[in-house]
Each structure stands twice: as structure tokens, then as C-alpha cells.
**Student:** 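I'd like to ask you about the structure that follows.
This structure is a prediction, so every number in the text was calculated from the model and none was measured. Scope of the values below: all heavy atoms of this structure, side chains included, with no hydrogens, waters or symmetry mates. Each residue takes its place number in the sequence, starting with 1.
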Amino acid sequence: LPAHFQEYESPHFIVLSDAAPDDVARLQQRLERAYDEFQRFCRRTRLEPEPLRHKLVTVLFAERTAYRAFAREQDAVTDPTVAGYYAPSHDRAVFYDARTNPSVIDAERALEEMKDDLETLSRRAADEKGHASDVRSHLANYEAHYRRERAKLERFVRQVEAATTVHEAIHQLLYHTGIQSRRLEYPVWLAEGLATPFETDDTALSFGPDRMYGPRQRAFIELLDADRLMPLETLISITPPALARSADAKDIYHQSYALTRWLLKRRPEGMRDYLERLRAEAPGEPSTVRLREIFEMSFGPISTLEQRWLRDERRTSRDVRLVTSPKPDSND
């Protein structure tokens with residue numbers, strides 16, 4: 001990292017950053033809340049995470065351009081849509097200030113133009129005589145519209161930063177505490193299925209697999225209603241290399257979110273057994289056949305489990321219709 005990066009410490013994390021101290025403080029708050037909810041999740045599911053050997057390292061860039069260069073050169077992360085990532089080989093999470101995302105910059109530019117228009121209208125309202133009331137009325141409506149759009153953008157940035165930070169922090173905690181092993185190439189459904197249910201729009205509230213996350217839940221229901229779900233036998237054997245070649249990566253994330261939440265609720269003993277069996281595997285990438293064998297050892301026949309899972313999800317989908325939030329970039 002460049003020499004101007006500063007080091008900041010919180011109880012469980014070290015943040016290296018060139019961002020403003022207030023931005024770092026907000027990141028630290030989100031990281032510590034992720035740690036708290038991760039520990040609550042482990043207690044509730046009777047998992048036994050190893051204690052942290054040291055504080056966990058996180059990097060926060062003030063600018064997206066510098067973040068992308070670092071990601072590409074240091075961690076071989078080249079996808080331009082990735083808003084944050086965890087690098088297991090270096091045991092670090094890396095983020096950038098979401099306000100420097102191109103879509104946010106474009107929205108800020110549009111808001112600045114609206115602000116200029118408001119100033120013009122304000123001058124007209126002061127100059128007009130015969131139609132002053134009409135201009136003032138139009139000005140008031142436009143000001144209200146501007147405030148709504150400004151609030152929407154600020155809310156959007158907070159939501160993106162909260163969901164991304166927590167998602168990657170959970171990846172880091174899962175590996176660092178031994179719930180997942182860095183020696184093994186985990187199937188995507190489990191690796192992402194354990195992280196996506198922790199995503200949240202507001203870290204001040206409780207979050208985790210026992211709480212529903214609106215954007216993911218809505219996306220999954222849309223897949224379910226459109227009959228676009230991947231067969232479970234295929235889903236459980238996809239590894240990161242296969243995901244990189246897939247055109248349905250986002251759909252895989254949504255389906256993994258739903259499957260993991262259901263298993264943690266309906267088959268918690270099976271999830272603990274499955275994690276233990278994977279940890280006992282030889283280092284490397286298990287074969288497709290082996291992944292299916294381990295899954296059935298822990299959960300029983302795949303086809304039977306799939307029928308029960310989708311029956312429950314269809315029942316839930318009739319009652320759940322949650323509002324989604326847009327995301328300029330994804331989590332990795």
C-alpha cells in the first residue's frame with residue numbers, strides 16, 4: 001500500500017486506509033457488528049469457532065480506481081463489478097468508498113444539475129410579478145423532489161456499504177475461525193450461502209441467517225416463481241472455477257442464500273455434520289461426485305430434500321413480497 005495509508009484499530013479489526021477518519025469509523029462499526037452477529041449465529045447453531053489469533057486486516061480505499069488497481073495486481077480480482085472482496089490467501093478484506101462508484105457519481109452529477117435548476121427557479125420566483133405564485137408552487141414541488149432524490153441516494157450508498165462490508169467480513173470470520181478451511185475449495189452454495197444471509201441494510205439492527213434480507217429474498221422468489229431455479233444436484237457441486245464460467249452467477253448467489261437459510265432452520269444438525277465432513281476432506285477441490293456424496297451423508301437423498309425445501313419455499317413465497325434495493329456492484 002502507498003505510504004500515506006493510515007492504520008486504525010478496533011477491538012477485532014485493523015483497518016488500513018487513505019479514506020477520511022469518519023469513513024473509517026463507520027467501516028469499523030459495521031465490521032464489529034458483523035463480528036457480534038457472527039458470534040450470535042455460532043452460539044445459536046452450536047458451532048464452535050476458534051478464537052481469533054490476531055486482529056483481522058481490512059483495507060479501505062478512498063477511490064475506486066486505486067481499489068481496482070490493487071485488487072487486480074495484488075489479489076487477481078479483475079471483475080469491475082465487485083464492490084468488495086475477501087482474499088483467503090492473504091486473509092484480508094478489501095473495500096472502497098461507494099460514493100466513488102460510477103453510478104453514484106452520475107447520480108451526484110444529476111443532483112447538482114437539479115440544484116442549479118432550483119437556484120434558477122428561486123431567482124425567477126423573486127423576479128416574477130404576475131405569475132410569482134405559480135413559480136413558487138413549482139419551486140416548492142421541485143425542492144421536495146430534490147430532497148427525496150438526495151435522501152434516496154444517501155440511503156442507497158449506506159445500504160450498499162452495509163451489505164458489502166458485512167458479507168466480506170463474514171467470509172473472513174468463517175475462514176479465520178476454522179468454520180471453513182482455507183485448504184479446501186468449498187462449493188459455492190455453501191461459501192456464499194453462509195455469507196449472503198448476513199447481508200443487511202442497517203447494522204444497527206440484528207441480522208443474520210435467522211433474519212430475512214429483502215433484496216435476496218425477493219430475487220429468490222422471482223426465480224422460484226419463474227421456475228428458473230438450478231437443480232439442487234447441480235447447485236451443490238458448483239465450485240468457484242465453475243462459477244467464474246457461469247452466466248448465472250447472481251442467480252446462484254440468490255438460490256444459495258435461500259437454501260442455506262432453510263437448512264440452518266430445518267436441518268441444523270445436518271449443517272454442522274456437513275461442515276465437519278468438509279473440514280476432514282483432503283486439501284484441494286473435491287470432485288463433483290464427492291461433493292454430492294458428502295451432501296447426502298449429511299442431509300439424505302438430494303431429490304427428497306429438494307422437494308421438501310421447494311415445498312416450504314413456495315408456501316413462504318405466497319406471503320413474502322419485499323422491496324429490493326439496487327446495487328451498483330456485487331460482493332465476491
**Student:** Taking C-beta and beyond as the side chain, do Leu259 and Leu232 meet within less than 4.5 Å on heavy atoms?
**Tutor:**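 Side-chain contact under 4.5 Å: yes.
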
**Student:** For residues Ala162 and Thr203, report the shortest heavy-atom separation together with the two atoms involved.
**Tutor:**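 Nearest pair, atom of Ala162 first, then Thr203: CB-CG2, 4.3 Å.
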
**Student:** How about Arg46: does its CZ atom have over 12 heavy atoms from other parts shown lying under 6.0 Å from it?
**Tutor:** no

**Student:** Do Leu291 and Thr239 make a side-chain contact, defined as non-hydrogen atoms from C-beta onward lying under 4.5 Å apart?
**Tutor:**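 Yes - at least one pair of side-chain heavy atoms lies under 4.5 Å apart.
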
**Student:** Nearest heavy-atom pair of Glu168 and Gly84: which atoms, and what distance?
**Tutor:** OE2-O, 3.3 Å

**Student:** Centres of the Phe220 and Tyr257 rings: under 6.0 Å?
**Tutor:**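 Not close enough - the centres of the two rings lie 6.0 Å or further apart.
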
**Student:** Could I get the full list of side chain to side chain donor-acceptor pair (under 3.5 Å) partners for Asp210, not counting sequence neighbours?
**Tutor:**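 If we apply the side chain to side chain donor-acceptor pair (under 3.5 Å) test to Asp210, skipping adjacent residues, the hits are Arg40.
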
**Student:** For the atom pair CG (Leu223) and OG (Ser317), what is the distance rounded to the nearest 0.5 Å?
**Tutor:**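 Rounded to the nearest 0.5 Å, the CG-OG separation comes out at 12.0 Å.
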
**Student:** Taking ring pair (Phe, Tyr, Trp, His ring centres under 6.0 Å) as the definition, give me every residue that meets it alongside Phe38, ordered by chain and number, with sequence neighbours left out.
**Tutor:** none

**Student:** Is there a side-chain contact between Leu173 and Gln39, using heavy atoms and a 4.5 Å cut-off?
**Tutor:** no

**Student:** Does Lys115 come within less than 4.0 Å of Glu119, counting only side-chain N to carboxylate O?
**Tutor:** no

**Student:** Can you tell me how far apart NE2 (His167) and OG1 (Thr164) are? Round to the nearest 0.5 Å.
**Tutor:** 8.5 Å

**Student:** In sequence, state the C-alpha distance, the side-chain angles, and the governing distance for Ser256 and Glu192, and then conclude on side chain to side chain donor-acceptor pair (under 3.5 Å).
**Tutor:** CA-CA 7 Å; Ser256 300; Glu192 298 304 334; over 6 Å; no

**Student:** Sub-3.5 Å donor-acceptor pair from the side chain of Arg267 to the main-chain atoms of Ser298, do we have one?
**Tutor:** no

**Student:** Of all the heavy-atom pairs spanning Ala98 and Val157, show the shortest one and how long it is.
**Tutor:** CB-CG1, 4.1 Å

**Student:** For the atom pair CG (Leu229) and CD1 (Ile252), what is the distance rounded to the nearest 0.5 Å?
**Tutor:** 11.5 Å

**Student:** Would a distance-only check, ignoring hydrogens and angles, find a side-chain to backbone donor-acceptor pair under 3.5 Å from Asp97 to Arg99?
**Tutor:**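 Indeed, once roles are kept as given, a pair shorter than 3.5 Å links the two residues.
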
**Student:** Does the pair Leu60 and Tyr67 meet the rule for a side chain to side chain contact (heavy atoms under 4.5 Å, CB included), with working shown?
**Tutor:** CA-CA 8 Å; Leu60 173 63; Tyr67 155 86; over 6 Å; no

**Student:** Measure the spacing between OG1 of Thr65 and CZ of Phe70 and express it to the nearest 0.5 Å.
**Tutor:**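 Output value for this atom pair is 15.0 Å.
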
**Student:** Look at Arg68 together with Glu73 and state whether they make a salt bridge at an N to O cut-off of under 4.0 Å.
**Tutor:**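 Looking at Glu73 together with Arg68, the answer is no, because their closest N to O distance does not fall below 4.0 Å.
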
**Student:** Filter on ring-ring contact (aromatic ring centres under 6.0 Å, His included), then keep only pairs touching residues 275-296, sequence neighbours left out; what's left?
**Tutor:** Trp189-Phe295, Tyr274-Phe295, Phe295-Phe299

**Student:** Assess whether side chain to side chain donor-acceptor pair (under 3.5 Å) is satisfied between Asn101 and Tyr96, documenting all intermediate values.
**Tutor:** CA-CA 9 Å; Asn101 182 277; Tyr96 71 90; 3.0 Å; yes

**Student:** Does a side-chain heavy-atom distance below 4.5 Å link Thr165 with Thr58?
**Tutor:**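 Not in contact.
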
**Student:** Going by side chain to side chain donor-acceptor pair (under 3.5 Å), name the residues that satisfy it together with Gln180, two or more places apart in sequence or in a different chain.
**Tutor:** Tyr175

**Student:** What heavy-atom pair brings Tyr8 and Ala19 nearest, and what distance separates the two atoms?
**Tutor:** OH-O, 4.2 Å

**Student:** Take atom NZ in Lys265; do more than 12 heavy atoms of anything else shown fall under 6.0 Å from it?
**Tutor:** no

**Student:** Does the side chain of Glu281 reach to within under 4.5 Å of the side chain of Arg290, using non-hydrogen atoms?
**Tutor:**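 The answer is yes, as the side chains (C-beta and beyond) meet within the 4.5 Å cut-off.
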
**Student:** Could you tell me whether the side chains of Thr200 and Asp202 share a donor-acceptor contact shorter than 3.5 Å?
**Tutor:** no

**Student:** According to the interplanar angle, ranging from 0 to 90°, do the rings of His171 and Tyr86 count as parallel (below 30°), tilted (30 to 60°) or perpendicular (above 60°)?
**Tutor:** parallel

**Student:** Indicate the atoms forming the closest heavy-atom contact of Gln172 with Arg92, along with that distance.
**Tutor:**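 Distance-wise, the nearest heavy atoms are NE2-CA, 3.7 Å.
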
**Student:** Enter the distance from Leu52:CG to Glu50:CD here, rounded to the nearest 0.5 Å.
**Tutor:**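 Output value for this atom pair is 10.0 Å.
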
**Student:** Test side chain to side chain contact (heavy atoms under 4.5 Å, CB included) on Glu37 and Arg33; report intermediate values, then the result.
**Tutor:** CA-CA 6 Å; Glu37 292 299 311; Arg33 285 292 296 126; 3.2 Å; yes

**Student:** Could you tell me whether a side-chain N or O of Glu32 sits under 3.5 Å from a main-chain N or O of His12, the two making a donor and an acceptor?
**Tutor:**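 Yes; at least one donor-acceptor contact below 3.5 Å.
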
**Student:** Please evaluate residues Asp251 and Arg228 with respect to the criterion side chain to side chain contact (heavy atoms under 4.5 Å, CB included), reporting the C-alpha separation (whole Å), side-chain torsions for both, the decisive distance (0.1 Å), and the verdict.
**Tutor:** CA-CA 9 Å; Asp251 293 349; Arg228 288 174 46 211; 2.9 Å; yes

**Student:** Strictly distance-based, threshold 3.5 Å: is any side-chain N or O of Glu7 a donor or acceptor partner for the main-chain N or O of Ile14?
**Tutor:**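 It does not hold such a pair.
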
**Student:** In terms of hydrophobic clustering (I, L, V, M, F, W, Y; side-chain heavy atoms under 4.5 Å; direct or indirect links), are Phe95 and Ile105 co-clustered?
**Tutor:** no

**Student:** Examine distances only and state if a side-chain atom of Arg314 and a backbone atom of Leu224 form a donor-acceptor pair shorter than 3.5 Å.
**Tutor:**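 Checking the backbone N and O of Leu224 against the side chain of Arg314, no donor-acceptor pair under 3.5 Å is found.
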
**Student:** Are Glu113 and Arg109 close enough for a salt bridge, meaning some N to O gap below 4.0 Å?
**Tutor:**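 Salt bridge flag = no for Arg109 with Glu113.
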
**Student:** Is any NZ, NE, NH1 or NH2 atom of the basic residue among Arg308 and Asp312 found under 4.0 Å from an Asp or Glu carboxylate oxygen of the other?
**Tutor:** no

**Student:** Applying a strict under-4.5 Å side-chain criterion to I, L, V, M, F, W and Y, I'd like to know whether Met297 and Met271 cluster together.
**Tutor:** no

**Student:** With a 4.5 Å limit on heavy-atom distance, are the side chains of Leu27 and Phe13 in contact?
**Tutor:**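 Result no, sub-4.5 Å side-chain heavy-atom pair not found.
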
**Student:** Using 0.5 Å steps for rounding, measure from the OH atom of Tyr146 to the CG atom of Asp117.
**Tutor:**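 Between Tyr146 OH and Asp117 CG, I get 11.0 Å after rounding to 0.5 Å.
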
**Student:** Scan Phe198, Phe207, Tyr35 and name whichever one has a ring pair (Phe, Tyr, Trp, His ring centres under 6.0 Å) with Phe41.
**Tutor:** Phe198

**Student:** Are Gln6 and Val24 packed together at the side-chain level, in the sense that at least one heavy-atom pair is separated by less than 4.5 angstrom?
**Tutor:** no

**Student:** Do Glu161 and Arg26 meet the salt-bridge criterion of a basic N to acidic O distance under 4.0 Å?
**Tutor:** no

**Student:** In chain order, what residues pass the ring pair (Phe, Tyr, Trp, His ring centres under 6.0 Å) check against His4, with sequence neighbours excluded?
**Tutor:** none

**Student:** Side-chain contact test, heavy atoms from C-beta onward, threshold under 4.5 Å: evaluate it for Ile236 versus Arg292 and give yes or no.
**Tutor:**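 With C-beta onward as the side chain, the pair touches.
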
**Student:** Which residues pass the ring pair (Phe, Tyr, Trp, His ring centres under 6.0 Å) test with Tyr142, not counting sequence neighbours?
**Tutor:**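 Expected list: none.
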
**Student:** Tell me whether the count of non-hydrogen atoms from other residues, nucleotides or ligands lying under 6.0 Å of CD in Glu48 goes above 12.
**Tutor:** no

**Student:** Return the minimal non-hydrogen interatomic distance between Leu278 and Pro187, and the atom names on each side.
**Tutor:** CD1-CD, 4.5 Å

**Student:** Between Glu222 and His254, is the side chain to side chain contact (heavy atoms under 4.5 Å, CB included) condition met? List the steps.
**Tutor:** CA-CA 10 Å; Glu222 289 176 356; His254 301 323; over 6 Å; no

